[in-house]
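Note that the structure is a prediction, hence the values are computed from the model and not measured.
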Amino acid sequence: MRIDILTLFCDMCNSVLGESIIGRAREAGKVEINTRDIRNYTADKHRRVDDKPYGGGMGMVMQAQPVFDCFNSLCDEIGAKPHLIYMTPQGKTLTQERVKELSKLENIAILCGHYEGIDERVIEELQPEEISIGDYVLTGGELPALILADSISRMLPGVLSDDSCFEEESHYNSLLEYPQYTHPAEWNGREVPEVLLSGHHANVENWRREQSLLRTLQRRPDLLEKAELTENDKKFLDSIE
Ligand code: ADE
């Protein structure tokens, strides 16, 4: 998969994308993630990409032309039209389900807004999918774009060390993950649950499933409505409710 982030702050994105699991996945060619500087596409001789809002008001608005030309140059380079996503608090809130769907696409472009937003006419022209990472407002779309790129990349084959990792983790199957422990077996007077030391695989599995159900019930009961529950799961939940 190829992801292109269209931004005024390439360095900010590149510093994050060069680190840790995503950095290694890019190096190993498991995912291609590029940044594209919108400022390189301005027609303004002073390289300006923003201006005051018509009608007055605070801040600056990103102009349509550099964004449009930046996206079109990407289309020319790829020889196809990537699925365009605009990061905005006005978009649909990102879910693991949408992440999973997006991870199946060949080409994705992520547009980052800044200042007071982007001239509405280029949004109308390009008709991007609008995605929010939550009901709060950031100073720009870069951090949200990085969150989206990270969440998609880790779903790709070979990016995580073991493909089964995400089948057990929070939100993958609408349940929160069970608690994890590592050495030492006793720390600060707190012990690792006995069952995890037993080596009894079926009991460990059963305990983890119950912990997942318990945590989801206590912390995010809304998720249980979407979860695929077995008869045993339901019995367990009934026994504690
Ligand atoms: N840009 C600013 N805030 C944002 C948010 N919550 N989600 C996506 N993009 C944003």
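For the pair E32 and R26, the minimum side-chain heavy-atom distance is 4.5 Å or more. For the pair V16 and I22, the minimum side-chain heavy-atom distance is 4.5 Å or more. Side-chain contact between T7 and E142 is present, with heavy atoms from C-beta onward closer than 4.5 Å. For the pair R36/F71, no side-chain contact is recorded, criterion being any heavy-atom separation below 4.5 Å from C-beta on. Using a 4.5 Å heavy-atom threshold, the side chains of V99 and M155 count as touching. In this structure, the side chains of T35 and M12 stay at 4.5 Å or more apart for every pair of heavy atoms. Inter-residue side-chain proximity for P82 and L74 is flagged as met; some heavy-atom pair is nearer than 4.5 Å. Residues I123 and V67 form no side-chain contact, since every pair of their non-hydrogen atoms from C-beta on lies 4.5 Å or further apart.
Rounded to the nearest 0.5 angstrom, C112 SG and I38 CD1 are separated by 7.0 Å. For the atom pair OG (S73) and CD1 (I78), the distance works out to 9.5 Å, reported to the nearest 0.5 Å. Taken from CG in N72 to NZ in K81, the straight-line distance is 7.5 Å, to the nearest 0.5 Å. Between N173 atom CG and S212 atom OG the span is 7.0 Å, to the nearest 0.5 Å. Put simply, OH on Y178 and CD on Q211 are 11.0 Å apart, with the number rounded to the nearest 0.5 Å. With values rounded to the nearest 0.5 angstrom, L146 atom CG is found 5.0 Å from I5 atom CD1.
The number of heavy-atom neighbours closer than 6.0 Å to CD of E27, taken from other residues, nucleotides and ligands shown, is 12 or below. Atom CD of E125 has 12 or fewer neighbouring heavy atoms from other residues, nucleotides or ligands inside a 6.0 Å radius. For D135, the CG atom counts as loosely surrounded, since its 6.0 Å shell holds 12 or fewer non-hydrogen atoms of other residues, nucleotides or ligands.
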Carefully, step by step, assess I3 and I152 under the rule side-chain contact (heavy atoms from CB on, under 4.5 Å).
CA-CA 9 Å; I3 300 174; I152 292 171; 4.3 Å; yes
Go through the steps to decide whether S151 and L94 satisfy the test side-chain contact (heavy atoms from CB on, under 4.5 Å), and finish with yes or no.
CA-CA 10 Å; S151 63; L94 185 63; 4.2 Å; yes
How far apart are the C-alpha atoms of M87 and I110, what are their side-chain angles, what is the distance that settles it, and do they pass the side-chain contact (heavy atoms from CB on, under 4.5 Å) test?
CA-CA 7 Å; M87 304 312 298; I110 310 176; 3.6 Å; yes
Report the C-alpha separation of L217 and L237 in whole Å, then their side-chain angles, then the decisive distance to 0.1 Å, and conclude whether the side-chain contact (heavy atoms from CB on, under 4.5 Å) test is met.
CA-CA 8 Å; L217 179 69; L237 287 169; 4.2 Å; yes
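Nearest heavy atom pair, residue P53 against residue G59, reads CD-O, 3.2 Å. When all heavy atoms are compared, the tightest approach of V61 to E116 is CG2-CB, 4.5 Å. The minimum heavy-atom distance between P179 and W207, with the atom names listed, is CG-CH2, 4.0 Å. The shortest heavy-atom contact between Q65 and A43 is OE1-N, 3.3 Å. Here the shortest heavy-atom pairing between L224 and L229 reads O-CD1, 4.4 Å.
Shown are L17, D37, N34; of these, the side chain to side chain contact (heavy atoms under 4.5 Å, CB included) with C10 is made only by D37. Checked options L102, I108, L143; the residue passing with L148 is L102 (criterion: side chain to side chain contact (heavy atoms under 4.5 Å, CB included)).
At a threshold of 4.0 Å, the pair E97-K100 does not count as salt-bridged, since none of the basic side-chain nitrogens sits closer than that to a carboxylate oxygen. For R2 and E77, the salt-bridge test passes: some basic side-chain N is under 4.0 Å from an acidic carboxylate O. A salt bridge links R48 to D51: at least one charged side-chain nitrogen sits closer than 4.0 Å to a carboxylate oxygen.
T42 places no side-chain N or O within 3.5 Å of a backbone atom of R39 that could act as its donor or acceptor partner. With hydrogens and angles ignored, the 3.5 Å screen pairs a side-chain donor or acceptor of D233 with a backbone N or O of T230. For R220 (side chain) and D222 (main-chain N/O), no donor-acceptor pair under 3.5 Å exists by modelled atom type. Without hydrogens or angle criteria, T216 side chain to L176 main chain gives a donor-acceptor distance under 3.5 Å.
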Got a list of side-chain donor-acceptor pairs under 3.5 Å for residues 186-204, not counting sequence neighbours?
{"from": "S198", "atom 1": "OG", "to": "V195", "atom 2": "O", "distance (Å)": "2.6"}
{"from": "S198", "atom 1": "OG", "to": "H200", "atom 2": "N", "distance (Å)": "3.1"}
{"from": "H200", "atom 1": "ND1", "to": "N203", "atom 2": "N", "distance (Å)": "3.2"}

Output a table of donor-acceptor pairs, distance under 3.5 Å, between side-chain atoms of residues 127-134 and any protein atom two or more places apart or on a different chain; print 'none' if there are none.
{"from": "E129", "atom 1": "OE1", "to": "H83", "atom 2": "NE2", "distance (Å)": "2.6"}
{"from": "E129", "atom 1": "OE1", "to": "R98", "atom 2": "NH2", "distance (Å)": "3.0"}
{"from": "E129", "atom 1": "OE2", "to": "R98", "atom 2": "NE", "distance (Å)": "2.8"}
{"from": "S132", "atom 1": "OG", "to": "G134", "atom 2": "N", "distance (Å)": "3.0"}
{"from": "S132", "atom 1": "OG", "to": "G134", "atom 2": "O", "distance (Å)": "3.0"}

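Residues passing the ring pair (Phe, Tyr, Trp, His ring centres under 6.0 Å) test with Y41, sequence neighbours excluded: none.
M62 and M58 fall into different hydrophobic clusters, defined by Ile, Leu, Val, Met, Phe, Trp and Tyr side-chain heavy atoms under 4.5 Å apart, directly or through other members. Criterion: ILVMFWY side-chain heavy atoms under 4.5 Å apart, direct or through other members. Under it, I21 and M1 are part of a common hydrophobic cluster.
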